[in-house]
Amino acid sequence: MSEVYAIRRTRLRECCNAVGSAAALVSRPANVRYLAGAAPEGAVLLLGRTEDVLVCAGPPDDRSPQSRPDESLRLHVTNSIGGDPAATAAGLAVAQDVDSLAVEEHHLTVTRHRRIHSVAPGLRLTGIAGAVEQLRVVKDEEEISCLRIGAEITDQALGELLESILVGRTERHLALELERRLVDHGADGPAFPTSVATGPNAGRPGHRPTDRRVEEGDFLSVCLGATYRGYRCEIGRTFVIGTAPADWQIELYDLVFSAQRAGRESLVPGAAYRDVDRAARHVLDSAGYSEALPVLTGHGVGLEIDEDPQLTPAAMGKLDACVPVTVEPGVHLPGRGGVRIDDTLVVRPEADGGPELLTITTKELLAL
């Protein structure tokens, strides 16, 4: 992986040179990991004029290769307790005769800016906001492999839950069990707080599990994901509790399924972000649910669960191959519940079989 990290840092250095900076300070945790591998909490990366340095407040965890940073980087541990790695990195930049330092201004706090200025008052700061995030959009096959394994873990955890007795259990209890199963199957942990929603809560975006118990006739919506080697995936499914779904539940489910399929089928290299959103949104809008729709149809995933691209009505840009995204349309009817169907896929050209579905748990409307 050292060669991969080196190539990524070279690409960022080219971005910095384009704005007139010979060095860069990367502080956003996901960006540090992308460029340097696993690093201690709070670590920052200095792309210097003469060498690159990972600056951290304490030594890294070396218990496994997956928890270590890129071995080709020089590691600098701050000397003082409570010392700011970013301020230390600024001092190291000055020692390399750097007069201009590109920083992630969207992540740099006022306090940290003052600390940098106190250490290096003559250092001119420029911005590279979003540069690393843009490099992260297109994944290499190693990154996609991590997402694929995370999706397999997620499918496994969800499949096991569906085989258990659900009636009478609370949303909160089911969410905790799913997160435990993710870890049992090899995940670093959940990719985000697991959502389990029943009855009138089902299909509500971002629902936090409550003590409501699962009842016969409920919709049950589940949204979860595993983190594997830092990479995060997502799946969402909706089921019915009981012997058979009601007619209105079948109708609503079929509608959301059709919208999700339209979104999935539009994932081709060169497709505009907004066109993917439009494909799914049109199905639901035409059926009269425009006011019940979420603000987006999907988003990128990777080292963070919500990355670029954003699949929204106003999004600018076009999809590239090897970009993993979610497609997650849903409808929530206040007081009744709703449906959400969510998959993680990788954009692939038609010659390679079209979009690669990572989350494969059935989308059939199951009665549990």
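Since the model is a prediction, treat every value here as computed from it, not as a measurement. In this chain, residues are counted from 1 in sequence order.
Grouped with Leu46 in one hydrophobic cluster are Leu25, Val44, Val53, Val55, Leu92, Val94, Val98, Leu101, Val103, Leu108, Ile116, Leu123, Leu125, the linkage being side-chain heavy-atom contacts under 4.5 Å among Ile, Leu, Val, Met, Phe, Trp and Tyr residues.
Judged by distance alone, the side chains of Gln310 and Thr312 never bring a donor and an acceptor atom under 3.5 Å apart. One side chain, Thr297 or Asp277, offers a donor N or O that lies under 3.5 Å from an acceptor on the other. Side-chain atoms of Glu143 and Tyr231 form a donor-acceptor pair, as typed in the model, at a separation below 3.5 Å. Donor-acceptor pairing under 3.5 Å is recorded for the side chains of His106 and Glu133. Looking only at atom types and distance, the side chain of Thr126 has a donor-acceptor partner in the side chain of Ser21 under 3.5 Å away. The closest side-chain donor-acceptor pair between Ser164 and Arg169 falls under 3.5 angstrom. In summary, the side chains of Thr359 and Asp343 do present a donor paired with an acceptor at a separation below 3.5 Å, with no hydrogens or angles considered. Between the side chains of Glu234 and Thr344, no donor-acceptor pair of N or O atoms lies under 3.5 Å. Residues Glu171 and Thr210 have side chains that bring a donor and an acceptor to within less than 3.5 angstrom of each other. Using a 3.5 Å distance cut-off with no hydrogens or angles, the side chains of Thr361 and Asp155 do pair a donor with an acceptor. Ser100 and Arg124 are linked by a side-chain donor-acceptor pair at a separation below 3.5 angstrom, with hydrogens and angles left out of the test.
Taking a 6.0 Å sphere around CD1 of Ile165, one finds it holds 12 or fewer heavy atoms contributed by other residues, nucleotides or ligands. No more than 12 heavy atoms of other residues, nucleotides or ligands shown are found within 6.0 angstrom of CZ on Arg114. For Glu160, the CD atom is densely surrounded, since the number of other residues' heavy atoms within 6.0 Å is greater than 12.
In terms of modelled atom types and a separation under 3.5 Å, the side chain of Thr10 and the main chain of Ala6 share a donor-acceptor contact. Judged by distance alone, with hydrogens and angles left aside, the side-chain atoms of His299 form a donor-acceptor pair with the main-chain N or O of Ile305 at under 3.5 Å.
Taken from CG in Leu333 to CH2 in Trp248, the straight-line distance is 6.5 Å, to the nearest 0.5 Å.
With sequence neighbours excluded, the residues forming a side-chain contact (heavy atoms from CB on, under 4.5 Å) with Asp285 are Ser290, listed by chain and number.
Residue pairs satisfying the ring-ring contact (aromatic ring centres under 6.0 Å, His included) criterion with at least one member in residues 158-212, sequence neighbours excluded, are absent.
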